[in-house]
Amino acid sequence: MNPSTDETPTDDQHTFRYTGSLAHEIELRWQDRWDAAGTFDTPNPAGPLAAPPNSAGPNRVGPSVDSPKLFVLDMFPYPSGTGLHVGHPLGFIGTDVWGRFKRMTGFNVLHAMGFDSFGLPAEQYAVQTGQHPAITTAANVATYRQQLRRLGLAHDRRRSVATSDPSYYRWTQWIFNQIFEAWYDADQRRARPIAELIAELDAGTRPLTDGSDWASLSRVERAEVIDGYRLAYIAETPVNWCPGLGTVVANEEVTADGRSDRGNFPIFKRSMRQWMMRITAYADRLIDDLELLDWTDSIKAMQRNWIGRSEGARVRFASPAGPIEVFTTRPDTLFGATFMVLAPEHPLVATLTSPDQRAAVTAYQRAAQAKTDVARQVDDTTKTGVFTGSYAINPVNDAEIPVWIADYVLMGYGTGAIMAVPCGDQRDFEFARQFGLTVPAIQQPPAEWFATNGTEPSLDTATWAMAYVGNAPYVNSSNGELQLDAMTDIAQAKHATNDWLVATGHGHATINYKLRDWLFSRQRYWGEPFPIVFDDDGVAHSLPDAMLPVELPPTEGFSPRTFDPDDAMSDPESPLDRLEDWVHVELDLGDGRGVRRYRRETNVMPQWAGSCWYELRYLDPTNEHRFVDRAVEEYWMGPQGEGHPGGVDLYVGGVEHAVLHLLYARFWHKVLFDLGHLSSKEPYHRLFNQGYILAAAFKDEREIYVDAHAVTEHDGAFSFEGNPVTREWGKMGKSLKNAVAPDEIYDVYGADTLRLYEMAMGPLDASRPWETRDVVGMYRFLQRIWRNLIDEQTGAIRTVLPALDDPTERLLHRTVAGVRADMEAMRFNTAIAKLIELNNHLTKLGGCPRDIAEHVVVMLAPLAPHMAEELWSLLGHTATLTYTDFPVADPAMLIDATIEMPVQVNGKVRARIIVASDASDDVVKQMALAEDKVIAALAGTKPKKLIVVTGRMVNIVV
RNA sequence: GCCCGAGUGGCGGAAUGGCAGACGCGACGGACUCAAAAUCCGUUGUCCGAAAGGGCGUGUGGGUUCGAGUCCCACCUCGGGCACCA
């Protein structure tokens with residue numbers, strides 16, 4: 001498309017007209033002044049930033065720690081090589097407008113912006129350009145800072161952080177050590193220092209779970225026991241191996257179709273030794289504490305869903321290979337369990353497999369391992385599987401039931417083994433049909449169920465169309481001790497079964513989670529090194545604080561080793577492994593063992609590490625003694641009253657981090673809270689998801705995207721270089737070739753227009769399509785404000801009208817009341833509409849009285865701060881508008897002497913009457929019935945009913 | 001399949017159960033101009049009508065109510081999330 005923005009509007013006669021170039025000049029000037037004066041510097045109650053901000057002049061009224069505080073936060077960006085497009089800053093502008101508004105209503109507002117500069121995007125960009133990531137990252141951060149500054153965002157620049165800065169990741173490493181040196185006490189439901197565990201073990205008050213004697217264990221054996229408790233630990237577990245990226249990734253980074261969310265490469269489940277974080281210990285609290293948060297229900301639902309809490313039972317089935325433990329949510333169906341299914345990777349499979357089945361089992365296992373998760377899900381109607389040749393014993397009836405392996409049972413969920421109840425579970429039902437296994441009925445389904453399926457009521461499951469799941473009388477479900485027959489309630493039957501399981505020692509009720517421990521190591525270069533070394537016995541030691549940070553060693557060999565994306569059997573290699581001199585060190589860890597040889601951990605932390613706590617570092621960015629000062633954290637994030645968990649007052653970002661960043665950050669925060677380092681239980685008290693800016697994208701006949709800038713429209717048809725193209729809408733970005741750079745808008749209209757346009761497009765939480773040709777509307781609005789206040793020939797202020805007329809004054813107060821309420825509720829689009837209405841009224845007046853000019857400028861300040869500051873200064877004020885009080889409406893001016901009320905007959909408006917605003921309902925009734933139009937509409941019929949909604953309207957029913 | 005959202009003019013959108021379409025874009029007409037741009041003024045849901053005026057209108061079908069875009073039920077469509085989770 002060819003927007004009209006190609007020519008900069010200029011006007012020779014009107015030297016002081018508000019044009020793009022004047023806006024540009026004003027904006028740069030005010031940005032410099034704000035920076036020089038430290039206008040947005042926010043004081044802390046203690047520590048290095050406690051000093052009051054620079055004075056901006058004698059009239060400066062600055063923020064104070066005695067004011068109510070407000071911590072406004074954006075999800076910080078990762079600085080990509082392509083810079084910002086106009087879709088990125090939508091949320092940043094929203095928080096800026098709100099933060100500026102709150103400053104004007106007396107809050108001490110903290111608003112800062114940092115950079116998530118470690119991780120794959122930065123590293124991949126570096127690999128592409130062949131430059132070291134430290135160099136490209138620094139350059140990209142500088143570009144972002146410049147682009148964000150140009151938007152006029154009121155950030156405290158002193159508080160900016162970058163996660164790849166050693167002074168930052170020193171504390172990321174310190175927090176890792178806190179987690180490593182902690183364990184979860186399930187009885188107290190909180191993390192405690194590992195030293196307290198060791199003390200309990202030493203004292204013998206905490207016996208070992210395997211019954212062995214702590215006192216008789218060797219140093220290495222003790223270390224193994226302790227490592228089994230740590231919240232950060234190394235374990236051999238099934239992980240997501242991505243050969244295409246050359247690294248393992250977390251479950252949360254795998255898409256629904258079994259590919260990496262970065263790069264879209266296939267993911268293979270492989271068992272590997274990796275660093276894990278025991279986030280599962282917090283599963284309950286991560287669910288329960290959602291109640292305390294002001295988040296949308298959909299995000300809460302996504303987190304609950306991801307954690308996937310389900311109540312059920314563990315049941316042990318005897319087998320030749322020893323007990324096989326299963327998890328089931330339906331212990332009440334135990335009598336219907338006629339076979340078992342193990343995941344192909346289940347450790348007992350090898351011992352269970354009989355010699356005659358070995359070849360088939362091994363072949364099936366091999367095939368399953370080579371499949372990606374997506375391939376395992378391709379066809380969910382045809383079940384595959386292999387009999388192991390062994391039988392297990394069903395504890396309720398001592399029946400011998402065959403043990404199979406099948407890939408519909410996942411090693412990563414429950415125990416990796418199930419009891420199959422084909423009459424009551426659709427998957428088991430299909431499997432039994434597929435392999436001709438017996439399907440006894442254990443419930444008598446109701447007649448309606450058969451009717452819906454078009455089958456005759458019968459207990460012969462061969463006639464059933466599907467498995468039955470629901471409340472129905474149990475049959476064939478009793479033994480000498482457990483009587484389920486004749487029960488009809490699932491909950492009751494579950495309860496009875498659970499009691500029996502405990503009484504007989506066959507199992508117990510339990511809660512299972514979908515959530516898995518967090519895979520925390522990556523075979524990459526551009527990330528935080530672990531503050532961990534291994535001794536000659538392979539025991540892991542965290543480095544003492546004095547040895548932090550462990551700096552990422554400079555090397556030209558930063559490229560990760562990647563593989564054929566489909567090569568499941570390749571093995572990860574860490575770039576840091578190649579740095580022999582760095583890997584091997586001699587250290588005195590201060591543990592009394594003197595200087596010894598150690599080997600460094602060569603994995604790095606995942607991208608998410610730095611973003612797990614960055615909001616805390618904004619609070620106290622220069623503190624060299626702690627990650628954040630206690631008093632400072634309590635001031636900005638402490639709980640505010642009973643039941644308040646504390647946390648950031650407003651956190652704005654995209655919905656895409658619903659389960660990744662937001663879950664990890666909550667977990668870290670809770671650990672730090674448990675260990676006494678924080679006063680807040682949750683990091684983000686209020687979460688707001690802004691929408692996305694969508695933009696038209698165009699595809700040619702080959703289905704290839706073409707540059708949206710070069711597409712032309714003619715009578716609703718689109719073409720590119722003379723060829724027809726088709727339009728679709730998508731997230732703005734490089735891949736759809738539809739990105740619009742903010743510079744394109746600054747150059748033509750200025751940053752204030754861009755800010756206003758993005759805020760006026762619609763509600764902040766809604767996605768909306770970008771239309772460059774619409775931007776001019778907000779430019780015209782600013783231009784009209786300017787013209788109403790400024791003489792375009794001389795540039796002088798022209799608030800000519802002497803006094804306010806009554807209607808204008810009433811409109812002003814209505815506007816003040818409305819804009820204030822809209823701003824508070826972040827309804828910036830309607831706030832802008834109200835300001836436009838007021839300004840359009842002023843345009844009609846042909847001038848602007850002084851009082852009204854000041855009110856307009858102050859109300860405009862959060863939205864278009866540069867123009868507002870400029871006009872404020874032209875009106876003769878010397879101090880910044882930043883801390884000027886936002887106007888408050890006079891309630892008396894909101895009540896009109898007379899009001900116009902519509903009169904409806906049967907819900908249709910037939911007339912309007914002007915009545916005194918305090919007129920009684922009776923008076924209103926008489927006036928309504930006296931209207932000619934009403935009399936005509938009634939046509940002589942007597943009204944059945946007459947409703948007066950006081951101050952609103954009249955409805956006459958005939 | 002399950003769980004969240006959302007459907008309003010040509011477009012983005014506005015409406016504590018009380019005048020549907022605020023505000024903006026676009027379009028049309030006018031003023032200014034030699035002309036154009038910019039600016040200013042006016043019109044703009046739709047149908048019938050010269051007008052006055054009237055009919056119909058918030059995805060579809062029901063319901064509650066004096067009154068429904070808004071609340072309830074069923075359905076359709078679109079967007080997002082989850083999904084062989086035992």
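Both backbone and side-chain heavy atoms feed into the values below; hydrogens, waters and symmetry mates do not. Lettering of chains follows the sequences in order, A, B, ..., and the numbering in each one begins at 1.
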Closest to the 5' end of RNA chain B, once A:Asn906 and A:Ala833 are matched to their nearest nucleotides, is A:Ala833
On RNA chain B, check which nucleotide each of A:Glu837 and A:Ser310 is closest to and give me the residue with the more 5' one. A:Glu837
Sorted by chain and number, sequence neighbours left out, ring-ring contact (aromatic ring centres under 6.0 Å, His included) with A:Trp786 holds for A:Tyr18
A:Phe339 and ring pair (Phe, Tyr, Trp, His ring centres under 6.0 Å): which single residue from A:Phe431, A:Phe429, A:Phe435, A:Phe317 fits? A:Phe431
Using a heavy-atom cut-off of 4.0 Å across all strands, would you classify A:Lys945 as base, sugar-phosphate, or nothing? sugar-phosphate
Using a heavy-atom cut-off of 4.0 Å across all strands, would you classify A:Thr296 as base, sugar-phosphate, or nothing? nothing
Tell me every residue that passes salt bridge (Lys or Arg N to Asp or Glu O under 4.0 Å) with A:Arg820, counting only those two or more places apart in sequence or in another chain. none
Can you give one letter per nucleotide of nucleotides 58-63 of chain B, 5' to 3': B if a protein heavy atom sits under 4.0 Å from the base, S if only from the sugar-phosphate, - if neither? ------
Do nucleotides 7-14 of chain B as a string where each nucleotide becomes B, S or -: B if the base has a protein heavy atom under 4.0 Å, S if just the sugar-phosphate does, - if no protein is that close. -----SSS
Determine the interatomic distance between [atom1] on [N] and the same-named atom on [M]; round to the nearest Å.
N      : M      : atom1 : answer
B:rG5  : B:rA86 : P     : 23 Å
B:rC40 : B:rA50 : P     : 36 Å
B:rG45 : B:rG21 : C1'   : 7 Å
B:rG26 : B:rG61 : C1'   : 35 Å

Establish, from distance only, whether the side-chain atoms of A:Asp896 and A:Ser917 form a donor-acceptor pair under 3.5 Å. no
Looking only at side-chain N and O atoms, does A:Glu430 offer a donor or acceptor that is under 3.5 Å from a partner on A:Gln434? no
Which of residues 301-308 of chain A have a heavy atom under 4.0 Å from RNA chain B? A:Met302, A:Asn305
Tell me, please, which residues at least two apart from [X] pass side-chain hydrogen bond (donor to acceptor under 3.5 Å, both in side chains).
X        : value
A:Glu325 : A:Arg314, A:Arg316
A:Asp752 : A:His866
A:Arg516 : none

Give each protein N/O atom lying under 3.5 Å from an N/O atom of nucleotides 40-46 of chain B, with the pair distance.
| residue | atom | partner | partner atom | Å |
| --- | --- | --- | --- | --- |
| B:rC40 | OP1 | A:Arg784 | NH1 | 3.4 |
| B:rC40 | OP1 | A:Arg787 | NH2 | 3.0 |

If you compare every side-chain N and O of A:Ser298 against the phosphate oxygens of B:rG81 (OP1, OP2), does one of them come in below 4.0 Å? no
Just wondering, do A:Asn689 and A:Asp765 contact through their side chains at under 4.5 Å, heavy atoms? no
Check: protein-nucleotides 53-57 of chain B nitrogen or oxygen pairs below 3.5 Å:
| residue | atom | partner | partner atom | Å |
| --- | --- | --- | --- | --- |
| B:rC56 | OP2 | A:Lys908 | NZ | 3.4 |

N/O-N/O pairs, protein side and nucleotides 17-21 of chain B side, under 3.5 Å:
| residue | atom | partner | partner atom | Å |
| --- | --- | --- | --- | --- |
| B:rC19 | O2 | A:Arg912 | NH1 | 2.4 |
| B:rC19 | O2 | A:Arg912 | NH2 | 2.7 |
| B:rC19 | N3 | A:Arg912 | NH1 | 3.0 |

Starting from Watson-Crick (N1-N3 plus N6-O4 or O6-N4) and G-U wobble pairs under 3.5 Å, report the runs of at least three that RNA chain B belongs to. B:1-7 with B:76-82, B:10-12 with B:23-25, B:26-31 with B:39-44, B:45-48 with B:53-56, B:59-63 with B:71-75
B:rC23 base to A:Lys834 side chain: any donor-acceptor pair below 3.5 Å? no
So A:Tyr749 and A:Tyr779, would you call those rings parallel, tilted or perpendicular, with 30° and 60° as cut-offs? tilted
Does B:rG9 fall in syn (glycosidic angle within 90° of 0) or anti? syn
